[in-house]
Peer 1: 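Dropping a structure here in structure tokens format, bear with me for questions.
Order of the sequence lines sets the chain letters (A, B, ...), proteins ahead of strands, with each chain counted from 1. The analysis underlying the following values was restricted to heavy atoms, covering all of them including side chains, and did not include hydrogens, waters or symmetry mates.
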Number of protein chains: 2
Amino acid sequence: MDMPIRTADEVELDRLNSALGFLMRLAQLKIYERFFEEVGEHNLKPGEFSVLWVILHNPGIRQSVLGQRLMIKRAHMTKLIRALEDQNLVSRKVPDGDRRAVEITLTPEAVTRVKQASQWFFTYEESVGANLTGDERQQLTSLLRKFVGLG
Amino acid sequence: MDMPIRTADEVELDRLNSALGFLMRLAQLKIYERFFEEVGEHNLKPGEFSVLWVILHNPGIRQSVLGQRLMIKRAHMTKLIRALEDQNLVSRKVPDGDRRAVEITLTPEAVTRVKQASQWFFTYEESVGANLTGDERQQLTSLLRKFVGLG
DNA sequence: GGGAGATTGTTTCTTTGTAAACAAATTTTG
DNA sequence: CAAAATTTGTTTACAAAGAAACAATCTCCC
């Protein structure tokens, strides 16, 4: 007789168990969850951090290029950048060469802030894979890089 | 002199390049993108499919348990289930033993539909990792399973 | 048995992200 | 050079997902 399932680990996932999309979603949820647990006070969200980080390393980058690289849609990028601008973290400049474009730079405050945030961010990044060995973690990131087509 | 960056592959990501959270997000976006390209007409979204698939393999599963397993929040699960109910794909039953709970089952139509959808779904799942070798794909899924704590 | 607390699901509100239509500037091409 | 097509960013409307508050039921414990 079938007893109704009562606890999550009795659940039969069958082939879903090895579906990349499914596992990837779980993995990302786990990362997010941990992120906000460990670091809730630090007032930069993962997305904001990555945007600022990339601007730090590519000053004057254009909104469109930033979006392409981080896979953020233009419409959304507009909002992100505006939010950062409101916090006085980035400044926008329309270049002479192409008056449609916008070039983004960090404000001096943001430079300090991002450098500081990067310390815990990358520490956190390490710690989130703690149930993997160093080798496995390394292997996982290379496979992911290959999967997404990042050199 | 610094030339402003004009193309996405000139962008310096620095350490973000090996950040699990970042790579995972890119990977998931890639999967979603492909999903809708290849399979747009097939009118089941990935989330809906996985929910139906799990109900197929665990008939009478409770909403809460389903949610725990698939990492879907209760509030959201309510909406998903209602949408599926409106399409006549699932039926809900309040069990005698616990009148707070809801037990979910597939309708006969849904059973056929899900079985059918599963064929392309898992085919697609294979094809999405096409730039990996079979071994690498296998390795990636095991690492992900370990990472998220799935046996 | 009866109240305190926990579980389960729903509702409402907010956040995050996408889609589609648009405006302005630029590039292409005939 | 001028019309057509493309690029860039913004706006508006919407969908997906989460958070918090709530109601109903159940469990635990006195």
Peer 1: Taking for each residue the nucleotide of DNA chain C with the nearest heavy atom, is it A:Tyr32 or B:Arg92 whose nucleotide lies nearer the 5' end?
Peer 2: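 Counting from the 5' end, the first nearest nucleotide belongs to B:Arg92.
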Peer 1: Using residues 140-150 of chain A as the side-chain source, report each donor-acceptor pair under 3.5 Å to any protein atom, sequence neighbours left out, with the distance given to one decimal.
Peer 2:
from     : atom 1 : to       : atom 2 : distance (Å)
A:Thr141 : OG1    : A:Arg137 : O      : 3.4
A:Thr141 : OG1    : A:Gln138 : O      : 2.9
A:Ser142 : OG     : A:Gln138 : O      : 2.8
A:Arg145 : NH1    : B:Asn17  : O      : 3.0
A:Lys146 : NZ     : B:Glu136 : OE1    : 2.9
A:Lys146 : NZ     : B:Glu136 : OE2    : 3.1

Peer 1: side-chain contact (heavy atoms from CB on, under 4.5 Å) with B:Arg113: which of B:Leu89, B:Thr107, B:Leu56?
Peer 2: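 In the set B:Leu89, B:Thr107, B:Leu56, the residue that makes a side-chain contact (heavy atoms from CB on, under 4.5 Å) with B:Arg113 is B:Leu89.
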Peer 1: Quick check: on DNA chain C, is the nucleotide nearest B:Ser64 upstream (toward 5') of the one nearest A:Arg99, or the reverse? Name the residue that is more 5'.
Peer 2: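 First, find each residue's nearest nucleotide; the 5'-ward one identifies B:Ser64.
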Peer 1: Can you check the B:Asp96 CG to D:dT25 C1' distance for me, whole Å?
Peer 2: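 Those two atoms, CG and C1', are 14 Å apart.
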Peer 1: Between the side-chain atoms of A:Arg100 and the base atoms of D:dT7, is any donor-acceptor pair under 3.5 Å?
Peer 2: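 Donor-acceptor pair under 3.5 Å: yes.
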Peer 1: Whether the side chain of A:Glu48 engages the backbone of A:Lys45 through a donor-acceptor N/O pair (distance < 3.5 Å, no angle test) should be reported.
Peer 2: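 Yes, the answer is positive, given that a donor and an acceptor are paired below the 3.5 Å cut-off.
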Peer 1: Does either side chain, that of B:Glu10 or that of B:Thr7, offer a donor lying less than 3.5 Å from an acceptor on the other one?
Peer 2: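 Note: B:Glu10 and B:Thr7 side chains meet the donor-acceptor criterion.
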Peer 1: For A:Thr78, which contact category applies under a 4.0 Å heavy-atom criterion: base, sugar-phosphate, or nothing?
Peer 2: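 Result for A:Thr78 = base.
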Peer 1: Is there a donor-acceptor pair closer than 3.5 Å between any side-chain N or O of A:Asn58 and the backbone N or O of B:Val11?
Peer 2: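 Flag not set: sc A:Asn58 to bb B:Val11 has no pair under 3.5 Å.
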Peer 1: Go nucleotide by nucleotide along DNA chain D from the 5' end; which of A:Arg82 and A:Arg25 gets its closest nucleotide reached first?
Peer 2: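 Between the two, 5'-proximity favours A:Arg82.
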Peer 1: Please check this pair: side chain of B:Glu125 against backbone of A:Gly21, looking for a donor-acceptor N/O pair closer than 3.5 Å.
Peer 2: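 Present.
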Peer 1: Any residue in residues 69-76 of chain B with a heavy atom nearer than 4.0 angstrom to DNA chain D? Just list them by number, or reply none.
Peer 2: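 Within this stretch, B:Lys73, B:Ala75, B:His76 sit under 4.0 Å of the strand.
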Peer 1: Whole-Å distance between D:dT7 P and A:Leu66 CG?
Peer 2: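 It is 19 Å, rounded to the nearest whole Å.
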Peer 1: Starting at CG of A:Leu26 and ending at P of D:dA17, how long is that distance when rounded to a whole Å?
Peer 2: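 My rounded result for the distance is 14 Å.
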Peer 1: In whole angstrom, what separates B:Arg62's CZ from D:dT25's P?
Peer 2: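 Distance, rounded to whole Å: 15 Å.
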Peer 1: Report yes if the distance between the aromatic ring centroids of B:Trp53 and A:Phe22 is under 6.0 Å, otherwise no.
Peer 2: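 Ring centroids of B:Trp53 and A:Phe22 are no less than 6.0 Å from each other.
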Peer 1: Which is the 5'-most and which the 3'-most nucleotide of DNA chain C that has an atom under 4.0 Å from a heavy atom of chain A?
Peer 2: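 The protein-touched segment is C:dT16 to C:dT26.
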Peer 1: Mind checking whether B:Pro46 and A:Arg25 have side chains closer than 4.5 Å, heavy atoms only?
Peer 2: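 Answer no - side chains too far apart.
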Peer 1: D:dT25 C1' sits how many Å from B:Gln63 CD, rounded?
Peer 2: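 For the pair B:Gln63 CD and D:dT25 C1', the rounded distance is 15 Å.
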Peer 1: How long is the line joining CG of A:Leu80 and P of D:dT8, in whole Å?
Peer 2: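 Going from A:Leu80 (CG) to D:dT8 (P), I get 18 Å.
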Peer 1: Parallel, tilted or perpendicular, judged at 30° and 60°: which one describes the rings of B:Trp120 and B:Phe49?
Peer 2: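 The rings of B:Trp120 and B:Phe49 sit tilted, inter-plane angle from 30° to 60°.
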